[in-house]
Amino acid sequence: MYRTHTCGELRLNDIGQEVTLSGWIQAIRNLGGMTFITLRDRYGLTQLVFDENTSNDLKQKVAMLGREYVIKVKGKVVERSSKNPKMPTGEIEIISSELSILNKSEIPPFTIEDDTDGGDELRMKYRYLDLRRNPVRRNLELRHKMSQEIRKFLDHAKFIEIETPYLVNSTPEGARDFLVPSRMNPGEFYALPQSPQTLKQLLMVSGFDRYFQIVKCFRDEDLRADRQPEFTQIDCEMSFVDQEDVLNMFEGLAKQLFYEIKGLNFKEDFPRINYNDAMTYYGSDKPDLRFDMRFTEITEIAKGKDFKVFDSVEYIGGMNAKNCAEYSRKQLDELTEFVQRPQVGAKGLVYVKYNIDGTFKSSVDKFYNQEDLKTWADLMHAEPGDLILILAGERNHTLNALNVLRLEMGDRLGLRDKDKFAPCWVVDFPLLEWDEEDKRFFAKHHPFTSPKIEDIALFESDPGKMRANAYDFVINGVEIGGGSIRIFNTELQHKMFEALGISKEEAQLKFGFLLNAFKFGAPPHGGIAFGLDRWCSVFGGSESIRDFIAFPKNNSGRDVMLDTPGKIDKKQLDELMLKIKE
Ligand code: ASP
């Protein structure tokens, strides 16, 4: 028998028991004839004590041990004289009488402890060792628990889990595809699914009126902290539903996850904010609602006072940073530099300090008198002690910059506490998005998204104004999921393709299978997909989804442990009828 208990299990009331433990050696300390070993397994750490005077055999074996050796130990649980309150097992230790070395280990390339000396690249190269560390292991445990709770909830709500294929053709999310050459069909390629979108819609035609799948999706996009080339969706679809039904169902799922995973009981409905308001007040379709600081536009009242910068712009607006009137020159300069960074792209920053004594001090005092500034302050609900920050320029660009500034201020003021959660729905997305470069509309969500019935007439007159039955689920400024009610009427689908500049022939070529299926009685349907990796990272309080993926890829899309992607040999290329361009 390898173990009677795990390394995280024994407590004071186990004192006196003979136990067997197996695990990895995290640390060895030798103190005058006594060797102390911290033994680790998935469940925790336990201190072992070896008294070298007990037996020669034991003494010899202990001398051979090194970090990360796998050992089995038999011994007696005793109360520790110097207890370690930081360890759950810190009140006991094992006086060890038998030791078997199950396997040796080379010296690990970094210390496998909570705080490691290993850099990112090194830990990724030896990810299997990194995964032995508590924080990383805990993240995967959280992910496991999320998946279990999701399955429980959806199963209970009569969703059925159905797998869909990975070797498919292009799906409609609009990112670049990963392609797989087909040996049996030379010169032809599969595309890996960017999502099972079309397949889940087909399942609705098949009559499975509640489907879900926890599924890998593949998108060949530029990577960043919250993006991996392969990621996991909780993909869901329902028939005979309208937007309200979908939102209610999945608000239920979200509340259950908040409760089971974070111990939070959200009794109220999640706030809903329409897309236009989200953009107007937060400059983002994924507002972080942990704090307010919404924007107020002052374009009209700020113009006409001889301040050239303001007079020539499309938009002037700002936010009220509460209790920041004491900001120093240096802090304001820092903020100005911050907004001028290319990623933020503002020309400059105008500030107005609302002093405690009721007077105003601003960077534009030359142009605006105390009364003008008071008007701005009132509009922004500012009070003495507050600081108003203002940006100006082209509308969308400035709203975007204000969004970045707002999040920065949120960070500086400690308003983005990772243990606080502010979920919301963003609804009423536009159906189409104009692309200046291609001079055509693209689907904001995807081409199967239904417009709002009352907006359908705008197809002819003003397609850009059409709103979609599309929604996103956002927590703390992170887009956790998105979905829509789908078009299930062939005529409307053709109108949509037309608006997107997709000809009948092209539509038939790309999505013929779906359009054909829709001829055989497609039910009204809609759905949503959540990013499991992102949801885990928000719940786990991390910015990076990589921390919640066992074997993630780096920003160049490489797995440095597997050393992939890699070249393939000529034989394989020939089989696939492929030639690499020089
Ligand atoms: N397939 C969509 C996506 O991946 C989600 C949905 O509409 O259900 O964004």
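Just follow the structure's listing: the first ligand is 1, and inside any ligand the first atom is 1. Owing to the predicted nature of the structure, the values given are computational and were not obtained by experimental measurement.
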Identity and separation of the nearest protein heavy atom to atom 9 (O) of ligand 1
His445 CE1, 3.9 Å
Taking 4.0 angstrom as the limit and counting only heavy atoms of Gly483, give me the atoms of ligand 1 inside it, by number and element.
6 (C), 7 (O)
Given the side-chain rings of Phe473 and Trp535, with only the six-membered ring counted for Trp, is the space between their centroids under 6.0 Å?
yes
Have a look at ligand 1 and work out which part of Ser195, if any, has a heavy atom under 4.0 Å from it: side chain, backbone, both or neither.
side chain
Under 4.0 Å from ligand 1, counting heavy atoms only, is it the side chain of His446, its backbone, both or neither?
side chain
Pairing residues for Leu492 by the side chain to side chain contact (heavy atoms under 4.5 Å, CB included) criterion, not counting sequence neighbours:
Pro451, Ile456, Phe459, Ile487, Asn489
Between Arg138 and Glu141, does any NZ, NE, NH1 or NH2 come within less than 4.0 Å of an OD or OE carboxylate oxygen?
no
Residue part near ligand 1, for Ile528, under 4.0 Å between non-hydrogen atoms
backbone
Test Ser239 against Arg210 for side-chain hydrogen bond (donor to acceptor under 3.5 Å, both in side chains), laying out the working first.
CA-CA 7 Å; Ser239 292; Arg210 289 181 173 196; over 6 Å; no
For atom 5 (C) of ligand 1, what is the nearest protein heavy atom, given as residue, atom name and distance?
Gly482 O, 3.4 Å
Where does the angle between the aromatic ring planes of Phe218 and Tyr166 fall among parallel (under 30°), tilted (30 to 60°) and perpendicular (over 60°)?
perpendicular
Examine Arg486 against ligand 1 and note whether any of their N/O atoms are separated by less than 3.5 Å.
yes
If you count the atoms of ligand 1 from 1 in the order shown, which ones are under 4.0 Å from a heavy atom of Lys200?
6 (C), 8 (O)
For Glu237 and ligand 1, does the shortest N/O to N/O distance drop below 3.5 Å?
no
Counting each atom of ligand 1 from 1 as listed, which ones have a heavy atom of Arg219 under 4.0 Å away?
3 (C), 4 (O)
Protein heavy-atom partner closest to atom 3 (C) of ligand 1 - residue, atom, separation in Å:
Glu173 OE2, 3.6 Å
For residues Phe258 and Phe421, establish whether the separation of their ring centroids is below 6.0 Å.
yes
Salt-bridge contact Arg224-Asp226 (side-chain N to carboxylate O under 4.0 Å):
yes
Would you please name every residue forming a salt bridge (charged side-chain N to carboxylate O under 4.0 Å, His left out) with Asp462, sequence neighbours left out?
Lys465
Would Tyr128 and Phe551 count as a ring-ring contact (aromatic ring centres under 6.0 Å, His included) here? Give the steps.
CA-CA 9 Å; Tyr128 45 87; Phe551 300 109; 8.2 Å; no
Closest to atom 1 (N) of ligand 1 (judged by heavy-atom distance), picking from Gln233, Gln197, Gln201
Gln197
Nitrogen or oxygen atoms of Asp235 and ligand 1 under 3.5 Å apart:
no
